[in-house]
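The block underneath contains the structure these notes are about, expressed in structure tokens.
We use all heavy atoms of the structure for the numbers below, so side chains are in, but hydrogens, waters and symmetry mates are not.
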Amino acid sequence: MAMPAPGPQNATLVVGGDGRYFIKETMQRIVRIGAANGISKFIIGQGGILSTPAASALIQKRSADGGIILTALHNPGGPENDFGIKYNTCNGGPAPESSIELIRQFRQQTPELTLLFDALHGVTGPYGRRIFVDELGFPETVEKHRISLGAASDGDGDCNMVLSHDWFATPSDSVAVIAHYADCIPYFKRTGIRGLARSMPTSCAIDRVAAAKGIESFEVPTGWELLE
């Protein structure tokens with residue numbers, strides 16, 4: 001079993017996916033193969049369900065050696081090309097607690113803010129309820145006309161769209177918005193930005209941000225692994 005150094009011996013592996021067909025059988029096969037090759041601990045989502053960002057957060061929080069995520073992929077597999085397997089290394093990480101606290105404070109200071117979130121029948125539904133309803137205090141149902149903020153995510157939760165009644169930000173544009181306001185994000189206040197990158201199908205909005213900030217930008221073929 002191929003894993004980055006130090007390899008699978010006594011390793012910890014996060015396993016989960018977006019709930020598509022054959023996921024339980026595939027996860028059982030992953031566990032058997034992993035155990036046979038020396039992996040000593042598996043962290044598995046309840047019912048096998050983990051969004052891609054949640055799996056990345058678990059890898060970091062539990063100091064895991066990597067993770068396998070079963071979801072749709074740019075390089076698809078399966079008989080109908082709708083089943084993919086992603087491998088995340090040990091560098092997956094959640095949002096800093098300071099950023100979460102800032103969001104919570106903003107919500108408390110703007111009680112008139114309304115939100116509509118659509119998980120598109122994907123894996124992010126429970127996460128949306130926990131974050132927006134349980135943590136930030138939004139009602140489960142809101143008036144759908146002239147809402148303050150709307151959001152939607154894809155099946156495994158790593159692509160998103162944000163919109164309001166008079167504007168929207170596509171997944172391609174959202175990364176440019178984050179880059180533009182990076183100096184307001186505590187993590188980047190500490191580390192700074194060394195460069196910006198996008199895959200070939202992503203819009204060139206981030207290129208314009210890079211040019212305005214005097215930061216080097218890169219374009220790579222499709223695939224998250226190429227952005228490493």
Original post:
Heavy atoms, side chains only, cut-off 4.5 Å: are E219 and S199 in contact?
Top reply: no
Subject >> pair T12-R62: side-chain heavy atoms closer than 4.5 Å >> reply: no
Original post:
Are I44 and M27 side-chain neighbours, meaning at least one heavy-atom pair lies under 4.5 Å?
Top reply: yes
Original post:
Do the charged groups of R129 and D134 touch, with an N to O distance under 4.0 Å?
Top reply: no
**OP:** Identify whether V177 and I215 are in the same connected component of the hydrophobic contact network (ILVMFWY, side-chain heavy atoms under 4.5 Å).
**Re:** no
Original post:
Do other residues, nucleotides or ligands put more than 12 heavy atoms under 6.0 Å from the CZ atom of R32?
Top reply: yes
Original post:
Nearest 0.5 Å, what's the CZ-CG distance between F22 and L70?
Top reply: 10.5 Å
Original post:
Between F132 and F138, how do the two ring planes meet: parallel, tilted or perpendicular, split at 30° and 60°?
Top reply: perpendicular
Original post:
Heavy atoms, side chains only, cut-off 4.5 Å: are F188 and R190 in contact?
Top reply: no
**OP:** State, yes or no, whether a side-chain contact exists between D156 and S51 at a heavy-atom distance under 4.5 Å.
**Re:** no
Original post:
If two hydrophobic side chains count as joined below 4.5 Å and joins carry through other members, does I43 share a cluster with Y127?
Top reply: yes
Original post:
Can S153 and N160 be counted as having a side-chain donor-acceptor contact under 3.5 angstrom?
Top reply: no
Original post:
Got S164 and L149 here, is their nearest side-chain heavy-atom distance under 4.5 Å?
Top reply: no
**OP:** Step through the shown structure and confirm whether more than 12 heavy atoms of other residues, nucleotides or ligands are within 6.0 Å of NZ on K213.
**Re:** yes
**OP:** Determine, stepwise, if the pair K189 / D183 fulfils salt bridge (charged side-chain N to carboxylate O under 4.0 Å, His left out).
**Re:** CA-CA 6 Å; K189 282 183 178 180; D183 55 354; over 6 Å; no
**OP:** Kindly indicate whether the side chain of L50, heavy atoms from C-beta on, has any atom under 4.5 Å from the side chain of V123.
**Re:** no
